[in-house]
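Heads up: the structure comes next, in C-alpha coordinates.
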Amino acid sequence: MALHSAVLAASVLVAGEAGAADLTSAELKNELVGHSIAWWEDGGWRGGSLILAPDGSAEITIDNSGDNSTRHGDRGRWALRDGELCTVWSEIRDGGEKCYSVRRGERGRFVTSGGNVFEIRDAGV
(Lines give C-alpha, C1' and ligand atoms only; values in the text may rest on other atoms or scores of the structure.)
Protein backbone atom coordinates (compact mmCIF):
# COMPACT_ATOMS: atom_id res chain seq x y z
CA MET A 1 0.00 0.00 0.00
CA ALA A 2 2.83 2.43 0.87
CA LEU A 3 4.48 1.75 -2.49
CA HIS A 4 1.18 2.38 -4.30
CA SER A 5 0.79 5.72 -2.47
CA ALA A 6 4.35 6.75 -3.33
CA VAL A 7 3.84 5.93 -7.01
CA LEU A 8 0.53 7.83 -7.04
CA ALA A 9 2.11 10.88 -5.36
CA ALA A 10 5.00 10.88 -7.85
CA SER A 11 2.55 10.64 -10.75
CA VAL A 12 0.59 13.63 -9.46
CA LEU A 13 3.77 15.69 -9.08
CA VAL A 14 4.93 14.90 -12.62
CA ALA A 15 1.46 15.63 -14.04
CA GLY A 16 1.41 18.97 -12.21
CA GLU A 17 4.75 19.98 -13.72
CA ALA A 18 3.67 18.86 -17.18
CA GLY A 19 0.62 21.13 -16.90
CA ALA A 20 2.80 24.23 -16.44
CA ALA A 21 3.10 25.83 -19.87
CA ASP A 22 6.00 27.82 -21.25
CA LEU A 23 5.35 31.53 -21.55
CA THR A 24 4.66 32.89 -25.03
CA SER A 25 6.84 35.58 -26.61
CA ALA A 26 4.18 38.19 -25.76
CA GLU A 27 4.05 37.04 -22.14
CA LEU A 28 7.84 37.07 -21.88
CA LYS A 29 7.95 40.62 -23.22
CA ASN A 30 5.22 41.82 -20.85
CA GLU A 31 6.65 40.09 -17.78
CA LEU A 32 10.43 40.50 -18.12
CA VAL A 33 11.37 43.36 -20.46
CA GLY A 34 12.14 46.68 -18.81
CA HIS A 35 12.44 45.26 -15.30
CA SER A 36 15.38 44.72 -12.99
CA ILE A 37 15.64 40.95 -12.54
CA ALA A 38 17.49 39.06 -9.84
CA TRP A 39 18.60 35.65 -11.10
CA TRP A 40 20.26 32.58 -9.64
CA GLU A 41 21.03 29.06 -10.69
CA ASP A 42 18.69 26.50 -9.22
CA GLY A 43 21.61 25.04 -7.23
CA GLY A 44 22.22 28.47 -5.72
CA TRP A 45 25.99 28.76 -6.18
CA ARG A 46 25.85 31.56 -8.76
CA GLY A 47 23.49 34.45 -9.41
CA GLY A 48 23.33 38.16 -10.11
CA SER A 49 21.15 40.71 -11.84
CA LEU A 50 19.77 41.03 -15.35
CA ILE A 51 18.16 43.83 -17.33
CA LEU A 52 16.46 43.24 -20.68
CA ALA A 53 16.00 46.75 -22.06
CA PRO A 54 13.13 47.56 -24.44
CA ASP A 55 15.63 48.41 -27.22
CA GLY A 56 17.00 44.83 -27.27
CA SER A 57 20.14 45.56 -25.25
CA ALA A 58 20.90 43.58 -22.09
CA GLU A 59 23.12 43.83 -19.04
CA ILE A 60 24.02 41.04 -16.65
CA THR A 61 26.05 40.77 -13.46
CA ILE A 62 27.34 37.46 -12.21
CA ASP A 63 28.18 36.85 -8.57
CA ASN A 64 30.08 33.64 -7.87
CA SER A 65 29.60 32.66 -4.25
CA GLY A 66 31.93 30.70 -2.05
CA ASP A 67 35.37 31.29 -0.59
CA ASN A 68 36.65 33.03 -3.74
CA SER A 69 33.64 35.27 -4.37
CA THR A 70 33.88 37.28 -7.57
CA ARG A 71 31.58 39.62 -9.41
CA HIS A 72 31.68 40.61 -13.04
CA GLY A 73 29.27 41.80 -15.70
CA ASP A 74 28.67 41.73 -19.40
CA ARG A 75 26.61 43.53 -22.01
CA GLY A 76 24.78 41.99 -24.91
CA ARG A 77 21.53 41.66 -26.82
CA TRP A 78 18.32 39.73 -26.28
CA ALA A 79 15.55 38.57 -28.62
CA LEU A 80 12.38 36.51 -28.43
CA ARG A 81 12.10 33.61 -30.87
CA ASP A 82 9.26 31.11 -30.95
CA GLY A 83 8.46 31.61 -27.28
CA GLU A 84 12.08 31.45 -26.15
CA LEU A 85 14.31 34.12 -24.62
CA CYS A 86 17.59 34.26 -26.54
CA THR A 87 20.70 36.10 -25.32
CA VAL A 88 24.08 36.90 -26.84
CA TRP A 89 26.79 38.37 -24.62
CA SER A 90 30.10 40.05 -25.48
CA GLU A 91 32.12 37.65 -23.32
CA ILE A 92 29.82 35.02 -21.83
CA ARG A 93 29.70 31.81 -23.91
CA ASP A 94 32.30 33.39 -26.22
CA GLY A 95 29.54 35.47 -27.80
CA GLY A 96 27.42 32.46 -28.72
CA GLU A 97 23.63 32.70 -28.60
CA LYS A 98 21.61 30.58 -26.20
CA CYS A 99 17.82 30.34 -26.03
CA TYR A 100 15.63 29.25 -23.11
CA SER A 101 11.97 28.59 -22.57
CA VAL A 102 10.56 30.19 -19.42
CA ARG A 103 7.74 29.01 -17.13
CA ARG A 104 6.04 30.59 -14.15
CA GLY A 105 7.40 29.28 -10.90
CA GLU A 106 6.36 29.69 -7.29
CA ARG A 107 5.98 33.04 -5.51
CA GLY A 108 5.93 35.09 -8.70
CA ARG A 109 9.26 33.74 -9.92
CA PHE A 110 10.14 32.44 -13.38
CA VAL A 111 12.14 29.29 -14.17
CA THR A 112 14.16 28.82 -17.37
CA SER A 113 14.80 25.58 -19.19
CA GLY A 114 18.50 26.24 -18.47
CA GLY A 115 17.99 25.93 -14.71
CA ASN A 116 17.94 29.63 -13.78
CA VAL A 117 15.35 31.33 -11.59
CA PHE A 118 14.28 34.93 -12.30
CA GLU A 119 12.63 37.26 -9.81
CA ILE A 120 11.46 40.76 -10.71
CA ARG A 121 13.01 43.30 -8.31
CA ASP A 122 11.53 46.60 -9.51
CA ALA A 123 10.19 48.56 -12.46
CA GLY A 124 13.78 48.89 -13.70
CA VAL A 125 14.46 50.44 -17.08
Side-chain angles (χ1 to χ4, degrees):
M1 183 68 174
L3 178 59
H4 181 277
S5 296
V7 170
L8 180 60
S11 299
V12 168
L13 287 174
V14 171
E17 288 181 20
D22 294 340
L23 276 73
T24 65
S25 291
E27 290 171 323
L28 286 167
K29 186 174 182 178
N30 290 335
E31 300 278 354
L32 301 177
V33 175
H35 296 281
S36 178
I37 301 167
W39 71 271
W40 58 91
E41 291 182 339
D42 196 22
W45 64 276
R46 183 167 55 178
S49 62
L50 172 68
I51 295 176
L52 305 172
D55 68 358
S57 65
E59 293 182 33
I60 191 168
T61 63
I62 301 171
D63 303 324
N64 291 319
S65 62
D67 294 336
N68 298 320
S69 295
T70 59
R71 179 182 180 118
H72 69 279
D74 202 355
R75 293 178 184 261
R77 308 274 314 151
W78 66 270
L80 298 173
R81 288 196 193 86
D82 299 322
E84 292 189 324
L85 174 62
C86 302
T87 55
V88 175
W89 303 103
S90 297
E91 298 175 14
I92 297 170
R93 298 187 302 263
D94 295 323
E97 181 179 73
K98 188 150 189 179
C99 298
Y100 300 99
S101 59
V102 181
R103 294 177 181 233
R104 288 189 200 287
E106 296 177 2
R107 297 180 294 240
R109 295 177 176 155
F110 301 90
V111 181
T112 73
S113 58
N116 295 319
V117 179
F118 292 170
E119 183 175 76
I120 304 299
R121 293 295 180 169
D122 62 32
V125 183

So do the side chains of [X] and [Y] get within less than 4.5 Å of each other, counting heavy atoms only?
X      : Y      : value
Arg104 : Phe110 : yes
Ile37  : Ile120 : yes
Trp39  : Ile60  : yes

Working to the nearest 0.5 Å, report the span between [atom1] of [X] and [atom2] of [Y].
X     : Y      : atom1 : atom2 : answer
Glu41 : Thr112 : CD    : OG1   : 9.0 Å
Leu28 : Phe118 : CG    : CZ    : 9.5 Å
Leu52 : Leu80  : CG    : CG    : 8.5 Å

Closest non-hydrogen atom pair, [X] against [Y]:
X      : Y      : result
Arg109 : Arg107 : NH1-NH2, 2.9 Å
Asp22  : Glu27  : O-OE1, 4.3 Å
Trp89  : Arg75  : CE3-C, 3.6 Å
Gly83  : Ser25  : N-OG, 3.0 Å
Ser57  : Arg77  : N-NH1, 3.5 Å
Thr61  : Ser49  : OG1-OG, 2.7 Å

Determine whether more than 12 heavy atoms belonging to other residues, nucleotides or ligands lie under 6.0 Å from atom CG of Asp55.
yes
Is the number of heavy atoms from other residues, nucleotides or ligands within 6.0 Å of CG (Asn30) greater than 12?
yes
Say whether, by atom type as modelled, one donor and one acceptor occur between the side chain of [X] and the main chain of [Y] under 3.5 angstrom.
X      : Y      : value
Trp78  : Ala53  : yes
Asp74  : Ile92  : yes
Ser113 : Ser101 : yes

I'd like to know if Leu50 and Val117 are part of one continuous hydrophobic network [Ile/Leu/Val/Met/Phe/Trp/Tyr, side-chain heavy atoms within less than 4.5 Å].
no
